[in-house]
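One structure is given below, encoded as structure tokens.
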Amino acid sequence: MNFIKNYFQLDKYKTSIKVEFIAGLTTFISMSYILFVNPSVLGASGMNTGAVFTATALASVFVASILFILITLFKLREKIIDSILADLKFAISSGIGLFIAFLGLQNGKLIVANKSTLVGLGSLHDPLVWITIFGLLVTVILMILNVPGAIFIGMVLAAVFGICTGQIALPHKIISTATKLSSNFWSSCLPR
């Protein structure tokens with residue numbers, strides 16, 4: 001453990017292995033939304049959602065993790081980040097954040113398509129809208145209170161709220177087999 005503390009200069013940055021582990025775990029769980037969003041978005045275009053889920057899991061959870069570990073170990077991360085202009089960093093972060101927020105609000109039916117204005121407010125008679133509002137309020141309150149893992153806790157409580165109100169069905173099983181990718185990966189993801 002001392003090797004890890006020294007290598008990553010945890011004392012210099014006033015952090016600990018526990019804090020970094022919890023931060024990494026929270027980030028992983030919060031960002032795993034892509035496993036569900038990507039198949040949903042690409043499935044709407046006619047792609048096989050099971051195959052897209054499997055491909056997304058392999059690419060984002062496994063391959064990306066290895067790349068990020070290597071980039072961090074070889075201290076390339078700082079060089080890459082330092083080479084990007086500050087304004088561009090803010091623009092990229094803002095753009096990705098707005099896109100993710102838009103998808104979340106759209107999937108939560110808080111915003112819907114509108115012929116006149118392109119985007120309109122969803123119906124407050126839709127129970128899914130109330131689950132979305134509940135999740136957003138809990139997350140915002142937890143963030144204001146500086147609770148670590150506020151986004152993750154907000155997602156879990158929104159899911160529990162949805163289950164309690166009968167809007168989200170309990171899973172039939174916790175683990176299932178992944179959809180098999182055919183020998184020709186591209187044919188698995190192409191529209192049928």
Side-chain angles (χ1 to χ4, degrees), residues 22-61 64-65 87-179 188-192:
I22 291 171
L25 183 63
T26 302
T27 301
F28 172 78
I29 292 170
S30 298
M31 296 301 290
S32 63
Y33 74 92
I34 193 68
L35 292 172
F36 306 100
V37 172
N38 204 29
S40 173
V41 170
L42 295 176
S45 70
M47 291 184 170
N48 179 326
T49 55
V52 171
F53 179 88
T54 303
T56 302
L58 290 172
S60 63
V61 179
S65 299
D87 291 341
L88 190 56
K89 287 181 202 174
F90 292 131
I92 291 169
S93 300
S94 300
I96 291 172
L98 287 170
F99 178 69
I100 291 169
F102 185 81
L103 282 178
L105 294 173
Q106 186 180 38
N107 286 336
K109 305 222 178 176
L110 194 56
I111 58 172
V112 294
N114 183 306
K115 290 181 183 178
S116 302
T117 61
L118 296 179
V119 177
L121 185 62
S123 171
L124 294 178
H125 297 290
D126 188 342
L128 188 56
V129 171
W130 286 106
I131 295 171
T132 304
I133 292 170
F134 174 80
L136 284 171
L137 286 175
V138 167
T139 302
V140 168
I141 290 168
L142 292 174
M143 290 178 85
I144 290 170
L145 296 173
N146 290 323
V147 174
I151 295 172
F152 175 66
I153 294 168
M155 290 189 309
V156 170
L157 291 178
V160 169
F161 178 70
I163 290 168
C164 290
T165 59
Q167 297 302 312
I168 299 175
L170 288 171
H172 299 291
K173 47 187 162 177
I174 295 174
I175 298 175
S176 66
T177 57
T179 301
S188 298
C189 293
L190 291 176
R192 294 177 181 195

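All figures in this text were calculated on a predicted structure; none of them were measured in a lab. Start at 1 with the first residue, then count along the sequence.
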Completion exercise
Value for CG (Leu121) from CD1 (Ile111), rounded to nearest 0.5 Å, stands at 9.5 Å
Problem - Minimal non-hydrogen separation, Val37 against Leu103, with atom names - result: CG1-CD1, 3.9 Å
Practice task
Provide the closest heavy-atom pair for Trp130 versus Leu124 in the form atom of the first, atom of the second, distance.
Solution key: NE1-O, 2.6 Å
Handout entry: Side chain Ser45, main chain Leu42, donor-acceptor under 3.5 Å
Key = yes
Exercise for the section: Would you check, one step at a time, whether the test side chain to side chain contact (heavy atoms under 4.5 Å, CB included) holds for Val156 with Phe152? Expected result: CA-CA 6 Å; Val156 170; Phe152 175 66; 3.7 Å; yes
Handout entry: Reported CD1-to-CD1 distance for the pair Ile153 and Ile141, which is rounded to 0.5 angstrom
Key = 12.5 Å
Problem - Point-to-point distance, once rounded to the nearest 0.5 Å, from CD1 of Ile131 to CG of Leu157 - result: 13.0 Å
Handout entry: Aromatic plane relationship, Phe134 with Phe161 - under 30° parallel, 30 to 60° tilted, over 60° perpendicular
Key = parallel
Completion exercise
Closest non-hydrogen contact found for Ala150 with Leu142 is CB-CB, 3.6 Å
Handout entry: Residue pair Ala158 / Gly135: nearest heavy atoms and the distance that separates them
Key = CB-CA, 3.8 Å
Exercise for the section: Can you measure from CG (Leu110) to OG1 (Thr132) and round to the nearest 0.5 angstrom? Expected result: 6.0 Å
Completion exercise
Shortest non-hydrogen pair, Leu105 vs Leu136, comes out as CD2-CD1, 3.7 Å
Practice task
Would you name the heavy atoms of Lys109 and Val129 that are closest together and state the gap between them?
Solution key: O-CG2, 3.1 Å
